[in-house]
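Reviewing the structure listed below.
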Amino acid sequence: MVPSAGYRCGQPASGSLMCPPMTTPPYQPGYPQPGYPQGVSDKTKIVAGLLGILLGTFGAGRFYTGHTKIAVLQLIVSLATCGFGALWGVIDGILILVNGGTDAQGRPLRDS
């Protein structure tokens with residue numbers, strides 16, 4: 001039962017209180033939706049790619065984009081393989097330059 005006139009939700013009305021349920025509004029274009037990244041990253045793919053090519057041994061390109069776990073893994077692989085794992089960083093940097101990439105929030109990297 002919805003409270004009668006003169007009463008508000010949260011106040012007793014006729015010994016019983018029932019307020020209308022709150023619902024989520026329908027999707028509205030132009031407004032961000034929860035769980036979906038909006039816009040473009042503030043990071044650029046040129047910087048991420050060059051860091052990956054030049055400092056891929058240390059995972060610098062991935063640290064720059066916010067992918068910390070992948071960056072640490074690149075560093076560990078490079079150390080464990082006595083530097084041969086640096087090839088991963090070089091290839092990763094080239095792929096970022098050619099195909100683009102995303103930041104840690106899933107937003108695409110800017111072109112410039």
Side-chain angles (χ1 to χ4, degrees):
M1 177 171 133
V2 178
S4 60
Y7 290 97
R8 303 175 78 181
C9 268
Q11 295 179 343
S14 308
S16 167
L17 175 65
M18 182 174 198
C19 296
M22 294 183 67
T23 60
T24 305
Y27 170 74
Q28 297 176 359
Y31 291 95
Q33 294 296 308
Y36 295 98
Q38 294 293 318
V40 181
S41 176
D42 57 340
K43 312 289 185 190
T44 63
K45 70 179 186 178
I46 294 171
V47 173
L50 290 176
L51 284 172
I53 292 169
L54 300 174
L55 298 171
T57 304
F58 307 109
R62 290 299 183 159
F63 276 121
Y64 173 71
T65 59
H67 296 104
T68 308
K69 291 179 184 178
I70 296 174
V72 170
L73 191 59
Q74 281 181 336
L75 179 61
I76 291 171
V77 167
S78 294
L79 291 174
T81 60
C82 298
F84 288 110
L87 186 60
W88 178 11
V90 172
I91 293 170
D92 194 31
I94 293 170
L95 287 175
I96 288 174
L97 285 174
V98 172
N99 298 330
T102 61
D103 65 4
Q105 287 78 34
R107 299 175 297 184
L109 298 175
R110 285 189 297 131
D111 286 330
S112 59

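Rounding to the nearest 0.5 angstrom, the gap separating the NZ atom in Lys43 from the CZ atom in Arg110 is 10.0 Å. A distance of 9.5 Å separates CG in Leu73 from CG in Leu75, rounded to the nearest 0.5 Å.
Taking every heavy atom of both residues into account, Pro108 and Gly39 meet most closely at CD-O, 3.7 Å. Taking every heavy atom of both residues into account, Asp111 and Ile46 meet most closely at O-CD1, 3.4 Å. When every heavy atom of Leu109 is checked against every heavy atom of Val40, the shortest pair comes out as C-CG1, 4.1 Å. Across Ser78 and Gly85, no two heavy atoms sit closer than the pair OG-C, 3.4 Å. In plain terms, the two heavy atoms of Val77 and Thr81 that are nearest each other are O-OG1, 2.7 Å. The two residues Ile96 and Ala48 make their nearest non-hydrogen contact at CG2-CB, 4.0 Å.
Tracing side-chain contacts under 4.5 Å through hydrophobic residues (I, L, V, M, F, W, Y), one never reaches Leu50 starting from Tyr64; they form parts of separate clusters. Both Ile94 and Leu97 belong to a single network of hydrophobic side chains, linked directly or stepwise wherever heavy atoms of I, L, V, M, F, W or Y lie under 4.5 Å apart. Ile70 and Ile91 are assigned to two separate hydrophobic clusters, defined by single-linkage of ILVMFWY side chains at heavy-atom distances under 4.5 Å. Leu55 is connected to Leu79 through a chain of hydrophobic side-chain contacts under 4.5 Å among Ile, Leu, Val, Met, Phe, Trp and Tyr, so both are in one cluster.
With sequence neighbours excluded, the residues satisfying side chain to side chain donor-acceptor pair (under 3.5 Å) with Ser41 are Asp103. The side chain to side chain donor-acceptor pair (under 3.5 Å) search around Asp42 returns none, not counting sequence neighbours.
Atom CZ of Phe63 has more than 12 heavy atoms from other residues, nucleotides or ligands within 6.0 Å.
Counting heavy atoms from C-beta outward, His67 and Thr102 have side chains that approach closer than 4.5 Å.
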